[in-house]
Each structure stands twice: as structure tokens, then as C-alpha cells.
Amino acid sequence: MRNLLSLVILILWVSGCASSTTLPVPTSLATGTTEWTLAYANDENGVRTEGDIEALLNAAKNGQEVRIVIADPEGYYSTEAENLSVRHGIVYAQNTSHVSVEYQGDSLRFQDDSYYWMIIVSTRGERDMIRWSVGAHDPRGHTQDKVAVRWFVR
């Protein structure tokens, strides 16, 4: 419930902002009695735009929870990092629990022919996405692109 509330607050806040690759997310997101704090942000080229990479590296090393907010041409997407990896000073966040959705007017719905999709993003601005059919091991696509990411820690 806490994660849903965090996402709803973020979506409501972002919904009033113009679409761009600059993320207009506040430095801290109040989520009930817990607070997420911006540790680091990078643009789609991996260039630091806010925060301190050392703060994010320390959070990863200490097992803190990390939430990522991704900007792309479609809008904004927020998710918690299920796994973090650090190598050569680069932080990677992985999430494998997505199921495809689509907007129908102003409503977000699961797609009729749903698929699982998994992502990895890095502080270099890289995003790797792979998709597989639900209930089968049929590939549905593999995309690699560059995105701006804001990294929040709790």
C-alpha cells in the first residue's frame, strides 16, 4: 500500500508538468511517515544533473531502498529497484516485475495480449528493456536506449 501511495503522489505531481527529459520531481517525496531523498540524478547521456554519486554509491553499499524515476518521450515512470549492482563507480538498477499496460483515453489498463518486461538502468543513462509473452518464453522485443534517471533513497 505504501508503494502504491508513493506512486500515486508522484503521478499526481508529475501530471501537471510539461513533458521533457528534465525530471521536475521534488528533492524529497513524502510518503506517509517515510521520506525518499534524492541522492543523484543523471541526464540521458549519463551526465550528473543533481546530487552526489557518492551518496548513491553509499546507499547501494549499505542496502538502502532505491527508487528510480525515469524520463522518456512517453512521460515519466517510477519504480523501486529490485536489485542494485555497482561496478567501476556505475550504479545499475534492475526491475523484473513489470507487466505491459496501455492508456485507453485517460485510463491505464493491462494490454489484452500482455507481456512481461524487465529493465536495467544505469547512472550512465543507459536503459536495457526486454519483453517476453506472459505464460510463454516467446520474445517480444529488446530495446536499448538512453534516458534521464533520478535516484531516490530511503
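Atom set for the values below is all heavy atoms of this structure, side chains included, hydrogens, waters and symmetry mates excluded. Count residues from 1 along the sequence.
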**Q** I'd like to know if the side chain of Glu80 reaches the main chain of Glu65, judged simply by a donor and an acceptor atom lying under 3.5 Å from each other, with no hydrogens or angles considered.
**A** no

**Q** Sequence neighbours left out, what passes side chain to side chain donor-acceptor pair (under 3.5 Å) with Ser114? Give chain and number order.
**A** none

**Q** Just wondering, do Ser100 and Phe110 contact through their side chains at under 4.5 Å, heavy atoms?
**A** no

**Q** So, applying side-chain contact (heavy atoms from CB on, under 4.5 Å) with Val149, which one of Thr123, Asn42, Val91, Asp43 is it?
**A** Asn42

**Q** Do the ring planes of His98 and Trp117 sit parallel (below 30°), tilted (30 to 60°) or perpendicular (above 60°)?
**A** parallel

**Q** Are Gln94 and Ser85 linked by a side-chain donor-acceptor pair shorter than 3.5 Å?
**A** no

**Q** Quickly, which of Ile53, Leu56, Leu38 forms a side-chain contact (heavy atoms from CB on, under 4.5 Å) with Trp151? Name it, please.
**A** Leu56

**Q** Should we say atom OH of Tyr92 is surrounded by more than 12 heavy atoms from elsewhere, each under 6.0 Å from it?
**A** yes

**Q** Flag yes if more than 12 heavy atoms outside Asp138 fall under 6.0 Å of its CG atom; otherwise flag no.
**A** yes

**Q** Please lay out, stage by stage, how Asp128 and His142 fare under the test side chain to side chain contact (heavy atoms under 4.5 Å, CB included).
**A** CA-CA 8 Å; Asp128 190 25; His142 190 167; 2.6 Å; yes

**Q** Do Tyr40 and Val86 sit in the same hydrophobic cluster, where Ile, Leu, Val, Met, Phe, Trp and Tyr count as joined when their side-chain heavy atoms come under 4.5 Å apart?
**A** yes

**Q** Is there a path of hydrophobic side-chain contacts, each under 4.5 Å between heavy atoms of I/L/V/M/F/W/Y residues, joining Val101 to Val134?
**A** yes

**Q** Using a 4.5 Å cut-off on heavy atoms from C-beta on, say whether the side chain of Arg67 contacts that of Arg154.
**A** no

**Q** List the steps and the verdict of side chain to side chain contact (heavy atoms under 4.5 Å, CB included) for Glu126 and Lys146.
**A** CA-CA 5 Å; Glu126 300 166 326; Lys146 304 286 256 170; 3.9 Å; yes

**Q** Measure the CE-OG distance between Met118 and Ser97 for me, rounded to the nearest 0.5 Å.
**A** 10.0 Å

**Q** Could you work out, with salt bridge (charged side-chain N to carboxylate O under 4.0 Å, His left out) as the rule, every residue matching Arg131, not counting sequence neighbours?
**A** none

**Q** Which pair of heavy atoms, one from Ala71 and one from Val147, lies closest together, and at what distance?
**A** O-CB, 3.5 Å

**Q** Is there a donor-acceptor pair closer than 3.5 Å between any side-chain N or O of Asn45 and the backbone N or O of Val47?
**A** no

**Q** Taking all non-hydrogen atoms of both residues into account, name the closest pair between Val69 and Ser78 and its distance.
**A** CG2-OG, 4.0 Å

**Q** Step by step, would you call Gln64 with Thr37 a side chain to side chain contact (heavy atoms under 4.5 Å, CB included)?
**A** CA-CA 11 Å; Gln64 288 182 262; Thr37 303; over 6 Å; no

**Q** Would Ile119 and Ile70 satisfy side chain to side chain contact (heavy atoms under 4.5 Å, CB included), going step by step from the backbone distance to the final call?
**A** CA-CA 11 Å; Ile119 62 168; Ile70 302 166; 3.9 Å; yes

**Q** Between Tyr115 and Ile120, is there shared hydrophobic-cluster membership here, with clusters defined by ILVMFWY side-chain heavy atoms closer than 4.5 Å?
**A** no

